[in-house]
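Following: one structure in structure tokens, then a few remarks.
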Amino acid sequence: MKTTLLYGKDNLSVNLPDSAFVVEPTNMSGLKDTNKEIKEALQNPIGTAPLKEMVKSSDTVAIAISDITRPTPNHILIPLLIEELNHVPLENFVIINGTGTHRDQTREEFIQMLGEWVVDHIRIVNNHCHEKETLVNLGESSFGCDVYLNKDYVEADFKIVTGFIEPHFFAGFSGGPKGIMPGIAGIETIMTFHNARMIGDPLSTWGNMVNNPVQDMTREINSMCKPDFMLNVTLNREKEITAVFAGELYEAHDRGCEFAKEHAMIKCEERFDVVITSNSGYPLDQNLYQAVKGMSAAHKIVKEGGAILVASECSDGLPSHGNYSKIFEMADSPEELLEMINNPEFKMFDQWQVQKQAVIQVWADVYVHSKLSDDQVKGAMLKPMHNIEGTLEELKKQYGEEMTVAVLPLGPLTIPYVEE
């Protein structure tokens, strides 16, 4: 059986046993007239007045977007937002790139994300979580930290957040309030949002919005400086827009999460010896840090002691920025990493991704097919894999000829689960 995994920009074809269980939804078609559907959503939003009626011509308008690690089609969304608000002078707009703790984007990357016209005509800033002079303290969160958000956002008269909605490995679903928290937050707030207790809570998982502390915290912080309007979409495997959700932040996001859950979460009857997954291709599979999401999706249905095979191009390395790779140098095993990270005295940004990865590695072996060197993969305590078919043959020696295999061609765009 030949299957295509989303991998980089070109995808990856693999031959699998005919008995392999393919975990993917019926592929939804993109909208027939994307621009028309988005305009209609802006003019007939969920829970608010039409966007144009809400914004005065004298208002300053901040638009928070997701960074280049997310496939949000802002090259479509942002021009349509600006067109809808054509009574507002262009100099009144600012686009805030929600980098969280990630690196800045270059001009070329912004052109890729937003289109050249937007880059040439609208002021764009990268969120700098470590620079307090670019942030505003809004008070204290009930989760035990000061709340810092981007100054350009806080001081704008009208605030918009864009994004796309899919199941998320600890926030339940992406999109909505996550565009603000952690997208444009300060490091102190982000560190609490991602601390070991929050990330380790069993309710902080794919598709769960009930008593999920991570989702609860992002919603609380949004309420302290709430976006006036949300524009989110859902996507198919070709990254085409399948639905639009615009309007009041929580109501519109909830509507989008219900839609995404119905179309992106697939029930499996049992766990598998081996689960093969992608990391949804470019841009999500740019680095190994992001590939933890693909591993986490596979973790939902792999047997304890099983194997996860991840295909993630990692064109941007581990990456070189941040602490992800450094943290692996501080311990000798996934078990030691978890002990270190769970110590309340330990605080290092990017620890959350290592924590999630280590939990998976304690449960199952993880093999990685990528453009990384073997030493880079081994440095992250993972197993290099040059050929998926060959690795499957080797694993038969461990699990027997009756080895059960599942494959997630879309990676974390589709989340499987087993009711246990």
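Excluded from the calculations below are hydrogen atoms, water molecules and symmetry mates; all remaining heavy atoms, backbone and side chain alike, are included. In this chain, numbering begins with 1 at the start of the sequence shown. Every value quoted in this text rests on a predicted model; they were computed, and no experiment measured them.
Other residues, nucleotides and ligands contribute over 12 non-hydrogen atoms within 6.0 Å of the NZ atom of Lys356. Few gaps surround CG on Asn343; more than 12 heavy atoms of other groups in view lie less than 6.0 Å from it. The number of heavy atoms from other shown groups lying within 6.0 Å of CD (Glu339) does not exceed 12. The environment of Lys52 atom NZ is dense: over 12 non-hydrogen atoms of other residues, nucleotides or ligands sit within 6.0 angstrom. More than 12 heavy atoms of other residues, nucleotides or ligands lie within 6.0 Å of NZ in Lys326, so this atom counts as buried by the packing criterion.
Evaluated for a side chain to side chain contact (heavy atoms under 4.5 Å, CB included) with Leu309, the options Leu392, Val407, Val302 yield exactly one hit, Leu392.
For Glu240 and Asn236, the side-chain atoms include at least one donor-acceptor pair closer than 3.5 Å.
The closest side-chain heavy-atom distance from Leu408 to Ile301 is below 4.5 Å. The shortest distance between side-chain heavy atoms of His75 and Gln112 does not fall below 4.5 Å. Side-chain contact between Phe93 and Val118 is absent, with no heavy atoms from C-beta onward closer than 4.5 Å. Residues Leu284 and Pro412 form a side-chain contact, since some pair of their non-hydrogen atoms from C-beta on lies under 4.5 Å apart.
Aromatic pair His369/Tyr7: ring centres closer than 6.0 Å.
Under the 3.5 Å distance criterion, the side-chain polar atoms of Gln357 are matched with a main-chain donor or acceptor of Ala380. In this structure, the side chain of Asn212 does not engage the main chain of Met209 through any donor-acceptor pair within 3.5 Å. Not one N or O on the side chain of Thr404 forms a donor-acceptor pair closer than 3.5 Å with the backbone of Val274.
The shortest heavy-atom contact between Ala298 and Ile308 is CB-CG2, 3.6 Å. Pairing each heavy atom of His299 with each of Val359, the nearest pair is CE1-CG1, 4.2 Å.
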